[in-house]
Amino acid sequence: MPRTREPGRTVSSRLLEILFAFQPDHPDLSLADLVRMTGIPHPTVRRLAMELLAAGALERREDGRFTVGLRLWQLGTLAPLTESLRTLAQPFMEDLHSTLHQHVQLAVLEGHEALIIQRLSAPHALDLVSHVGGRLPLHCSGVGKVLLSHGGPELIESVLNGGLRRYTPRTVVDPAELRHEIAACRRTGAAAVRGELTEGADSVATRIVDGQGRVVAALSVVLRAGSVKHQAALPSVLASGLGISRQLGWRPGIRIREG
């Protein structure tokens with residue numbers, strides 16, 4: 001692809017910047033939004049947005065704002081890891097949801113965050129900051145702690161030494177305490193969070209392992225504090241995680257790999 005007038009930036013990199021500007025918390029954007037978020041000049045954003053629109057990668061509403069197009073969504077569904085996980089996990093998540101009547105989430109590691117790829121919501125459960133396609137911090141969410149614990153030494157050190165944000169008064173930001181939790185999670189395969197990300201919201205999470213012993217995802221239930229005891233929810237969460245892992249080829253005796 002020809003390079004743009006800015007050194008080191010190609011047309012393809014600009015197209016990707018425009019597409020990646022769309023996020024779960026801002027799924028529709030105006031041209032002005034795209035200019036502000038990407039730093040690309042307005043005429044260039046407009047031209048590239050029109051090309052993406054013509055290709056079906058973007059759609060334009062009556063008010064002129066852009067959204068992700070159907071063809072781009074169809075492309076995303078071809079991602080093999082997330083789609084196979086969602087399909088295999090769905091029956092177990094439904095059983096967990098019907099048993100506990102709480103939010104159930106499935107997440108994978110994406111960089112230094114947990115990416116939610118599936119969620120079943122309970123009508124009368126507490127409101128959550130998370131949603132499908134959203135991201136959660138690794139150090140203070142249930143699925144995040146599971147993924148962090150099995151992400152390998154390099155990831156653990158990067159997260160623990162990178163400055164830990166305090167979301168609530170209960171957020172654990174002491175690296176020594178987190179190392180203790182990480183060791184316990186690797187040993188048991190489970191993590192519990194009490195109001196660390198959202199006040200009044202607890203989480204119980206477990207790992208999902210493939211046939212090679214790699215932790216490829218985490219499963220959690222999110223509980224209103226005091227509504228369900230963690231020890232009451234834990235057996236169902238663990239059983240569901242093991243069931244999904246078996247569907248991925250894991251069997252007792254396969255060693256859990258770290259990182």
Side-chain angles (χ1 to χ4, degrees), residues 1-87 90 103 105-121 127-141 143-144 147-148 151 155 158-159 162-167 197-198 216-218:
M1 298 290 289
R3 290 192 174 275
T4 66
R5 293 181 181 179
E6 293 183 50
R9 298 185 71 183
T10 62
V11 172
S12 58
S13 72
R14 289 183 165 201
L15 286 168
L16 290 173
E17 276 195 75
I18 290 172
L19 291 175
F20 291 153
F22 294 88
Q23 296 291 332
D25 55 347
H26 40 263
D28 56 276
L29 299 170
S30 66
L31 276 175
D33 293 330
L34 290 170
V35 171
R36 174 177 51 82
M37 296 172 71
T38 63
I40 301 172
H42 187 280
T44 304
V45 169
R46 189 180 188 285
R47 175 174 57 81
L48 295 178
M50 292 302 105
E51 291 182 10
L52 291 169
L53 185 66
L58 292 181
E59 293 181 2
R60 196 172 193 178
R61 303 189 322 198
E62 290 184 1
D63 62 2
R65 297 178 71 82
F66 292 92
T67 63
V68 171
L70 183 60
R71 290 194 66 185
L72 193 62
W73 174 82
Q74 289 174 321
L75 183 64
T77 65
L78 299 178
L81 174 62
T82 59
E83 189 58 27
S84 62
L85 269 174
R86 284 161 53 99
T87 301
Q90 187 70 21
H103 299 297
Q105 298 185 146
L106 181 69
V108 297
L109 183 65
E110 177 69 16
H112 282 49
E113 297 173 301
L115 173 66
I116 300 174
I117 62 172
Q118 182 63 302
R119 190 179 96 177
L120 300 180
S121 297
D127 293 334
L128 295 182
V129 298
S130 59
H131 40 263
V132 174
R135 297 168 184 269
L136 296 175
L138 296 181
H139 71 286
C140 60
S141 63
V143 290
L147 295 170
L148 175 62
L155 175 65
S158 178
V159 171
L164 300 170
R165 176 181 170 184
R166 186 184 296 278
Y167 289 84
L197 181 59
T198 304
V216 295

Less than 4.5 Å apart, any side-chain heavy atom of [X] and any of [Y]?
X: His112; Y: Arg135; answer: no
X: Gln90; Y: Leu120; answer: yes
X: Thr38; Y: Arg14; answer: no
X: Leu164; Y: Val159; answer: yes

Find the distance between [atom1] ([X]) and [atom2] ([Y]) and round it off to the nearest 0.5 Å.
X: Leu58; Y: Arg65; atom1: CG; atom2: CZ; value: 13.0 Å
X: Asp28; Y: Arg61; atom1: CG; atom2: CZ; value: 4.0 Å
X: Leu31; Y: Arg60; atom1: CG; atom2: CZ; value: 6.0 Å
X: Leu53; Y: Thr67; atom1: CG; atom2: OG1; value: 9.0 Å

Checklist entry - side-chain contact (heavy atoms from CB on, under 4.5 Å) between Leu34 and Arg46: does it pass, once the steps are laid out? => result CA-CA 9 Å; Leu34 290 170; Arg46 189 180 188 285; over 6 Å; no

Next on the checklist: Does Val35 form a side-chain contact (heavy atoms from CB on, under 4.5 Å) with Thr44? I'd like the steps, not just the answer.
Outcome noted: CA-CA 9 Å; Val35 171; Thr44 304; over 6 Å; no

Keeping the roles fixed (side chain from [X], backbone from [Y]), state whether a donor-acceptor pair exists under 3.5 Å.
X: Gln23; Y: Phe20; result: yes
X: Arg86; Y: Ile117; result: yes
X: His139; Y: Arg165; result: yes
X: Gln105; Y: Ile116; result: no
X: His26; Y: Ala21; result: yes

Item to check | Verdict with supporting geometry, Glu59 and Arg71, side-chain contact (heavy atoms from CB on, under 4.5 Å) | outcome: CA-CA 10 Å; Glu59 293 181 2; Arg71 290 194 66 185; over 6 Å; no

Heavy-atom closest pair, residues [X] and [Y]:
X: Phe66; Y: Phe22; answer: O-CE2, 3.2 Å
X: Leu155; Y: Gly111; answer: CD1-O, 4.0 Å
X: Leu197; Y: Ser141; answer: CD2-CB, 4.2 Å
X: Tyr167; Y: Cys140; answer: CD1-SG, 3.5 Å
X: Leu138; Y: Ala114; answer: CD2-N, 3.6 Å
X: Leu19; Y: Leu52; answer: CD2-CD1, 3.9 Å

